[in-house]
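These notes are about the structure you will find just below.
Numbering of residues begins at 1 and proceeds along the displayed sequence.
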Amino acid sequence: MLDADFFRRWMTATTALVDREAERLTALDSPIGDADHGSNLKRGFTAVAAALEEEAPATPGAVLILAGRQLISKVGGASGPLYGTLLRRTGKALGDSAEVSAGQLAEALRTGVDAVRTLGGAAPGDKTMVDALVPAVEALGDSFGAARTAAAEGAEATTPLQARKGRASYLGERSIGHQDPGATSAALLFEALKEAAGE
Ligand code: ADP
Ligand code: MG
């Protein structure tokens, strides 16, 4: 079973990975965006880590709701409300149990990803974070490792796609040939999940 401490570890591991990969995320956001994805997420997850330390929420759901709220309020770019919604809706779906199973987490994340799709209007294949989130959540029923691999493969598979949502879509065909920054950061979220599970 996964307790609040596990969810705090997941968020702090994400913060560390975002920190480490911030320059790469911003570099990916240069040719098909405005070169701020790394700094956006770094600012957001730094606030998440600080808030979790200060408030120490007692349940898995409360950890994710607090994290999501921080991202929504601290990140100006499109990715803040989208990631914030992902975590907040996943947290709400977990309810107020002190511990949840991996299966319950997979189910809750599915609700969170659906909320991201509703908010941003992106479907798989539109070259957004959804292209990593959807396969990751599908694979999460198998294992954390499978989810991480599926997310990374989903991110890589955005390279040949033409963007149909977000800033990159303004470039039309010129968005082809570049990996999507948001799909790349979504893969970090699942890498961190695997780390939090000690795998
Ligand atoms: P901004 O585009 O406002 O500068 P960021 O650079 O932080 O925000 O984030 C860009 C990422 O957000 C994109 O790479 C993409 O994955 C994701 N994104 C943008 N718009 C959408 C959308 N409508 N639905 C899903 N994801 C989106
Ligand atoms: Mg940007």
Side-chain angles (χ1 to χ4, degrees), residues 1-19 41 44-75 79-120 122 124 129-155 182-183 185-199:
M1 293 294 274
L2 312 171
D3 60 8
D5 194 51
F6 173 90
F7 283 81
R8 271 198 298 274
R9 287 206 308 278
W10 178 20
M11 291 298 105
T12 47
T14 303
T15 306
L17 285 175
V18 162
D19 224 53
L41 286 191
F45 276 97
T46 300
V48 167
L52 289 176
E53 190 147 321
E54 198 177 300
E55 295 189 30
T59 65
V63 170
L64 295 188
I65 290 169
L66 178 62
R69 221 188 295 128
Q70 289 298 317
L71 293 177
I72 291 168
S73 68
K74 299 285 167 21
V75 180
S79 61
L82 291 163
Y83 274 122
T85 296
L86 173 70
L87 296 181
R88 229 164 52 97
R89 291 298 286 271
T90 301
K92 277 194 184 177
L94 289 175
D96 50 17
S97 328
E99 294 187 328
V100 300
S101 67
Q104 284 172 309
L105 172 58
E107 196 51 49
L109 266 171
R110 204 181 296 275
T111 309
V113 172
D114 284 346
V116 169
R117 292 179 62 167
T118 302
L119 177 66
M129 61 174 69
V130 169
D131 289 316
L133 293 173
V134 166
V137 165
E138 272 166 20
L140 196 55
D142 299 331
S143 68
F144 291 123
R148 189 219 127 193
T149 303
E153 286 173 358
S185 58
L188 297 180
L189 195 64
F190 286 89
E191 168 121 36
L193 185 59
K194 185 170 171 280
E195 278 183 20
E199 287 175 15

Indicate every side-chain donor-acceptor pair of residues 130-138 with a distance under 3.5 Å to a residue at least two apart or in another chain.
unit_1	atom_1	unit_2	atom_2	d
D131	OD1	G125	N	2.4
D131	OD2	K127	N	2.8
D131	OD2	T128	N	3.1

Nearest atoms (heavy-atom pairs only) where A147 meets L140:
CB-CD1, 3.6 Å
Restricting to non-hydrogen atoms, name the atom on A186 and the atom on Y83 that form the minimum distance, rounded to 0.1 Å.
N-OH, 2.8 Å
Minimum side-chain heavy-atom gap T14-L188 below 4.5 Å:
no
With a 3.5 Å cut-off and sequence neighbours excluded, list the donor-acceptor pairs that the side chains of residues 47-72 form with protein atoms.
unit_1	atom_1	unit_2	atom_2	d
T59	OG1	A62	N	3.1
Q70	OE1	K74	NZ	2.8

Does the side chain to side chain contact (heavy atoms under 4.5 Å, CB included) test come out yes or no for F190 and L109, once each step is laid out?
CA-CA 11 Å; F190 286 89; L109 266 171; 4.1 Å; yes
Atom pairs and distances, side-chain donor-acceptor, residues 191-199, under 3.5 Å, sequence neighbours left out:
unit_1	atom_1	unit_2	atom_2	d
E199	OE1	G145	N	3.4

Answer yes or no: is there a donor N or O on one side and an acceptor on the other, between the side chain of T85 and the main chain of V116, under 3.5 Å?
no
Below 4.5 Å, heavy atoms only, C-beta onward: do E99 and F6 meet side chain to side chain?
no
Atom pair CH2 (W10) and CG (L2), whose distance is rounded to the nearest 0.5 Å
10.0 Å
Distance from L82 atom CG to R117 atom CZ, nearest 0.5 Å?
13.0 Å
How many angstroms lie between CG in L119 and CZ in R89, if you round to the nearest 0.5 Å?
9.5 Å
I want to check something: taking the side chain as every heavy atom from C-beta on, are L87 and M11 in contact at a cut-off of under 4.5 Å?
yes
Drop me the distance from D19's CG to L41's CG, to the nearest 0.5 angstrom.
11.0 Å
Electrostatic pair D5-R8, nearest N-O below 4.0 angstrom:
yes
Report yes if the side chains of F7 and L105 come closer than 4.5 Å at any heavy-atom pair, otherwise no.
yes
Please round to the nearest 0.5 Å and tell me the distance separating atom OG of S101 and atom CG of L94.
9.5 Å
